[in-house]
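What you see is a predicted model; the values in this text were computed from it and never measured. These numbers come from the heavy atoms of this one structure, side chains and all, not from hydrogens, waters or symmetry mates.
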Amino acid sequence: LTHAAMNNIETSLVHLRNFYDTCKATDDKDGMGRACDAIAKAYAKLGSKEESIEYLKEFVETAESSGMDAELSQACHNLGNIYNSLGKYKEAGDYFNRAYNISRAMGEAEKIQVNRVQSGIAQAHAMLA
């Protein structure tokens with residue numbers, strides 16, 4: 001995301017999509033996941049949250065099918081954040097809860113706490129909405 005760091009997100013997206021296409025053509029699941037994550041972040045910076053959600057969902061599918069638990073947890077957490085920012089608290093809670101369960105299974109104490117709190121906040125917001 002060097003271009004994104006210099007606020008040239010559109011150029012960054014061109015390169016990231018090329019990287020994504022190359023990874024997809026070579027069945028590089030790790031690369032596809034990293035590309036989806038970076039593309040999602042770039043779209044989020046542009047304020048295009050629906051596009052960001054699409055790429056994060058693909059990141060979830062890729063990580064899940066490849067057994068990449070840490071990446072799956074992060075993708076679920078990021079989806080929770082986006083849904084939370086859109087006021088879609090049930091969806092946010094579902095993804096935070098999923099990230100929490102994965103983190104718990106992996107024994108990652110810090111991520112367990114973060115995802116537990118995020119899930120609780122999203123569920124509280126859903127009850128108030």
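For the atom pair CG (L16) and NZ (K41), the distance works out to 11.0 Å, reported to the nearest 0.5 Å. For the atom pair D37 CG and M32 CE, the distance stands at 13.0 Å (nearest 0.5 Å). To the nearest 0.5 angstrom, M106 atom CE is 13.0 Å from N101 atom CG. Once rounded to the nearest 0.5 Å, the distance linking CG of L79 with OG of S52 reads 7.5 Å. In this structure, L46 CG and S12 OG are separated by 9.0 Å, a value rounded to the nearest 0.5 Å. To the nearest 0.5 Å, atoms NE2 (H125) and CE (M127) are separated by 12.0 Å.
Counting heavy atoms from C-beta on, the side chains of F19 and R34 come closer than 4.5 Å. Side-chain contact check for R116 versus Q113: some heavy-atom pair is nearer than 4.5 Å. The side-chain heavy atoms of V117 and F96, taken from C-beta on, include no pair separated by under 4.5 Å. Side-chain contact between R98 and V60: present, with at least one pair of heavy atoms (C-beta onward) separated by less than 4.5 Å.
Checked by atom type, the side-chain pair K111/S73 shows no donor-acceptor distance below 3.5 Å. Side-chain N/O atoms of S119 and Q123 include a donor and acceptor closer than 3.5 Å. Side-chain contact, Q118 with N81: a donor N or O sits under 3.5 Å from an acceptor N or O.
With S65 contributing its side chain and T62 its backbone, the two residues share a donor-acceptor pair below 3.5 Å. Side-chain atoms of S66 never come within 3.5 Å of backbone atoms of A63 as a donor-acceptor pair (strictly under, hydrogens ignored). One N or O on the side chain of S103 and one on the backbone of A99 form a donor-acceptor pair closer than 3.5 Å.
D94 has a carboxylate O that lies under 4.0 Å from a charged side-chain N of K90, or vice versa, which qualifies the two as a salt bridge.
Ring geometry for Y20 against Y55 counts as perpendicular: the plane angle is over 60°, on a 0 to 90° scale with 30° as the lower cut.
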Q: Could you walk me through whether H77 and Y95 pass the ring pair (Phe, Tyr, Trp, His ring centres under 6.0 Å) test, one step at a time?
A: CA-CA 6 Å; H77 180 86; Y95 278 105; over 10 Å; no
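The heavy-atom pair separating Y43 from L13 by the smallest distance is CE2-CD1, 3.9 Å.
I102 is connected to I82 through a chain of hydrophobic side-chain contacts under 4.5 Å among Ile, Leu, Val, Met, Phe, Trp and Tyr, so both are in one cluster. Cluster membership check: F59 shares its hydrophobic cluster with L72, using side-chain heavy-atom separations under 4.5 Å among Ile, Leu, Val, Met, Phe, Trp and Tyr.
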